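One structure is given below, encoded as C-alpha cells.
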Amino acid sequence: MAIDYIERIPNNVNLSENRRLQRALEEWQPKFQSWWADMGPAGFQASDVYLRTATSVDAQGWATFGYVKMPDYRWGIFLAEPEAGRKVNFGDHMGEPAWQEVPGEYRGVLRRLIVTQGDTEPASVEQQRLLGQTCPSLYDLRNLFQVNVEEGRHLWAMVYMLDAYFGRDGREEAEALLQRRSGDQDKPRILGAFNEKTTDWLSFFMFTYFTDRDGKYQLASLAESGFDPLSRTCRFMLTEEAHHMFVGETGISRILQRTCDLMREHKTDEVGRYGGIDLRLMQKYLNFHFSVSLDLFGSEISTNAANYYTMGIKGRFEEARKDDDHQLKDATYPIAEIGGDSIRVIDVPSLTAINERLRDDYVTDCARGVARWNKLIQRAGIDFEMKLPHRAFHRAIGNFAGVHVAPDGRVITQAEWDREHDNWLPTETERAFVASLMVSVTEPGKYAGWIAPPPRGINNQPIDYPYVRLA
Ligand code: BYC
C-alpha cells in the first residue's frame with residue numbers, strides 16, 4: 001500500500017480508520033516534536049537538508065530525495081507489506097498462523113522488548129546531538145542528519161506498536177521513551193552503549209559501524225517474530241538501517257585512506273602532527289566500540305532469550321532459512337567462558353545460547369568490513385592490520401564481566417590490565433586530540449584534513465553538492 005502523506009501522520013496502516021489510535025498518536029506527536037527541538041541536532045533545525053524520505057515500502061525505489069528542514073521531516077508509520085498466510089516459524093507455536101494481536105500471556109514480555117528496542121532510537125539521536133557543529137563536510141553533515149531523522153522514525157515505529165497493541169500501559173511507555181535521556185544519572189537510557197557519549201566523528205563512524213550493526217541483528221531477530229505487526233515494522237526498519245552502517249563503514253575507510261596518504265607523504269606512522277589519526281589510535285577506538293556493542297547482545301546463557309524463542313517472539317538471524325527443527329529442544333551450541341586462568345569453549349543447550357549465536361553472526365559480519373579496511377591499508381603498501389579484539393575483551397555483560405582479558409584473548413591480572421589498558425583503549429589525552437581535530441568544514445566540496453572525500457556523492461549528486469544549505 002502507498003504511504004498516505006495527506007494525513008497529519010504519514011502512514012500505510014489505514015490510520016484514519018482507527019480513531020482511538022489516531023488520537024493517541026496525535027497526542028504524542030507534539031511531545032515528540034518538542035523532544036526533537038530539545039534533543040535533536042543542535043543548531044541546524046532551520047537549515048535545508050538534502051534528505052531521503054520513504055514514499056513506499058517496497059524494496060525498489062522507496063526513497064525520494066529533496067531539501068527538507070528537519071522539523072518538517074515526514075515521520076510516520078510504515079510497515080512492510082503483509083505476507084499472505086504467514087505462520088509462526090519457530091518455538092512452541094510453530095506452524096500456527098502468525099498473530100495479528102498480542103497473545104495475552106506474552107504481553108509483558110513483548111512490551112518489554114519493544115520498549116528496549118524503542119529506547120535505543122532516541123538515545124542515539126541524543127548522543128549525536130552536538131556532532132553537527134564539528135562536521136568534516138556538508139556531505140557528512142547530511143549523512144548524520146539522515147541517520148538522526150531515521151532513528152526518529154524508528155522511535156515512531158515502536159511507539160506505534162505500543163499505542164496500537166498495548167492500551168494504557170503502552171501509552172505510558174511511549175511517554176517514558178521521551179523522558180529518559182542518554183547518560184542521565186537519574187533517568188538513563190536502558191542499554192549500556194546508549195549512555196556513552198559520541199563526542200567526535202571518529203566515534204560516530206565507529207558507532208554507526210558497530211552499534212548500528214547490533215541494531216541490524218536485533219531487528220532481524222524481531223523481524224522473525226510470530227507477532228506479525230512487529231515483524232512487518234522491523235522488516236521496513238532494516239531497509240533504513242543499511243544506510244547507517246554504510247555511513248560507518250565508508251567513514252572509517254575514508255579516515256584510513258587519509259591516514260595512509262599522510263603516512264606515505266611524510267614517511268612516518270605518526271601522522272598526528274600532520275592533522276591525521278594514527279592507525280594505532282583507530283584500533284583503540286575500534287576496540288572500544290566493538291566491545292561495548294558486544295555487550296548489547298546480553299549474556300551468553302540467557303533464560304530470557306530462551307523464553308522469547310520458545311514463545312515465538314524473537315527468533316534467530318534468518319530463522320526461516322535455517323534447516324533444523326526450529327524448536328532446539330535437544331540441540332547444543334558452543335559458548336566461551338572462563339575456565340581457571342584461560343578461556344574455554346563448552347557446549348550448552350542451544351535454547352539458552354540464543355544471544356551468543358546472534359553475537360556470533362554479528363562478529364562474522366563485523367569481520368567482513370574490517371577485512372575491507374585492511375585491503376585498503378594493504379593497497380597503500382602499509383604493513384598494518386586492523387583486528388577485532390577477542391570477544392572477552394573489555395566486557396561488562398555476561399561471562400566476561402568482572403574479569404580482565406587482553407585483546408588477544410589472554411586472561412590477565414588486574415596489575416597487567418592497569419599497566420596495559422592505555423595501549424588498548426583510547427586515553428583521555430587521545431580523545432582530546434581527536435576532539436581537537438574536529439573543526440567544522442561547511443564549504444561545499446571541502447573536507448576536513450583528517451578524512452578523505454568520499455568516492456561518490458549521495459543519490460548520484462557530485463561530492464561538492466550543497467547537501468546542507470545552512471540557515
Ligand atoms: N545493558 O538474559 P540477559 C539499535 C540485562 S540497537 C544493560 O542476558 P536478554 C540501534 C537484561 O535486560 C538494538 N542491561 O538479557 C543501534 C536482563 O535484565 P533483567 C536494540 C542489559 O534479556 C544504533 C539481564 O541483564 N534492540 O537498534 O536476553 C542506533 C539479564 O540479561 C544488557 C534490542 O536490544 C545491556 N547491554 O537480552 C540506534 C532488541 N544486556 O531481566 C538504534 C530488544 C542485558 O535481569 N532487546 N541486560 O532485569 C533484547 O532483545 C534484549 O533486551 C537484549 C538483552 C538482547 C538487549
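Both counts, for ligands and for their atoms, begin at 1 and track the order of listing. Because the structure is a prediction, the values reported are computed rather than measured.
Under the 4.0 angstrom criterion, atom 8 (O) of ligand 1 counts as having a protein heavy-atom contact. Protein non-hydrogen atoms do reach within 4.0 Å of atom 41 (O) of ligand 1. Within a 4.0 Å radius of atom 16 (C) of ligand 1, the protein has at least one heavy atom. Distance remark: protein heavy atom present below 4.0 angstrom from atom 49 (C) of ligand 1.
Of all non-hydrogen atoms in R86 and S225, the two that sit nearest each other are NH2-O, 2.8 Å. For the residue pair A353 and I335, the shortest heavy atom distance occurs at CB-CG2, 4.0 Å. Closest heavy-atom contact between Q117 and Q218: OE1-CB, 4.0 Å. Looking at every heavy atom in both residues, G312 comes nearest to F90 through CA-CE1, 3.4 Å. The nearest pair of heavy atoms linking T239 to R52 is O-NH2, 4.2 Å. Scanning both residues, F44 and Q133, for their nearest heavy atoms gives CE1-N, 3.9 Å.
Comparing L219, T211, I397 against atom 32 (C) of ligand 1, the shortest heavy-atom distance belongs to I397. Comparing D212, L358, V292, L222 by heavy-atom distance to atom 23 (C) of ligand 1, the nearest is D212.
Between S124 and ligand 1, no pair of N/O atoms sits closer than 3.5 Å. Remark: ligand 1 and E151 share no N or O pair separated by less than 3.5 Å (distance only, no angle test). Where the criterion is an N or O separation shorter than 3.5 Å, residue side chain and backbone included, L191 fails it with respect to ligand 1. Some N or O of R112 is nearer than 3.5 Å to an N or O of ligand 1, by distance alone. No N or O atom of E241 sits closer than 3.5 Å to an N or O atom of ligand 1. For ligand 1, the polar-atom distance check against S302 finds a nitrogen or oxygen pair separated by under 3.5 Å. Between K314 and ligand 1, at least one N/O pair is under 3.5 Å apart.
For the ring pair (Phe, Tyr, Trp, His ring centres under 6.0 Å) with Y209, the qualifying choice from F204, W373, Y285, F290 is W373, the only one to do so. For the ring pair (Phe, Tyr, Trp, His ring centres under 6.0 Å) criterion with W156, the lone passing option out of Y73, W35, F236, W28 is W28.
Both tests hold for R431 against F288: distance to the six-membered ring centre under 6.0 Å, angle to the ring axis within 45°.
Put simply, the side chain of I114 reaches to within 4.5 Å of the side chain of F166, judged on heavy atoms. Two residues are said to be in side-chain contact when any heavy atoms from C-beta on lie closer than 4.5 Å; F207 and E196 fail this criterion.
In this structure, F207 counts as a contact residue of ligand 1, since one of its heavy atoms falls inside 4.0 Å of the ligand. Proximity of I190 to ligand 1 is established by a heavy-atom distance of less than 4.0 Å. Within the 4.0 Å heavy-atom cutoff, H244 does not count among the residues contacting ligand 1.
No side-chain donor-acceptor contact under 3.5 Å links R112 and T116. A side-chain donor from one of Y309 and E319 sits under 3.5 Å from a side-chain acceptor of the other. Looking only at atom types and distance, the side chain of D214 has no donor-acceptor partner in the side chain of T211 under 3.5 Å away.
Among all non-hydrogen protein atoms, the one lying nearest atom 54 (C) of ligand 1 is G298 CA, 4.2 Å. Closest protein heavy atom to atom 53 (C) of ligand 1: L296 O, 4.2 Å. Looking at atom 13 (C) of ligand 1, its nearest protein heavy atom turns out to be D214 OD2, 3.3 Å. Among protein heavy atoms, the minimum distance from atom 51 (C) of ligand 1 is reached at L113 CD2, 4.1 Å. Ranking protein heavy atoms by distance to atom 27 (O) of ligand 1, first place goes to Q117 NE2, 2.8 Å. Scanning the protein heavy atoms around atom 30 (C) of ligand 1, the nearest turns out to be N304 ND2, 4.3 Å. Ranking the protein heavy atoms by distance from atom 52 (O) of ligand 1 puts T116 CG2, 3.8 Å first. Of the protein's non-hydrogen atoms, the one nearest atom 31 (O) of ligand 1 is S299 OG, 3.9 Å.
Of all the heavy atoms of Y309, none lies under 4.0 Å from any atom of ligand 1, so neither backbone nor side chain is involved. Under 4.0 angstrom from ligand 1, the non-hydrogen atoms of N355 all belong to its side chain.
Using cut-offs of 30° and 60° on the angle between ring planes, the pair W75 and F32 is perpendicular.
Near D295, with a cut-off below 4.0 Å to any heavy atom, the atoms of ligand 1 are 36 (N), 40 (N).
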Exercise for review: Quick one: do Y333 and D360 satisfy side-chain contact (heavy atoms from CB on, under 4.5 Å)? Show the steps, please.
Suggested key: CA-CA 11 Å; Y333 193 81; D360 282 340; 2.5 Å; yes
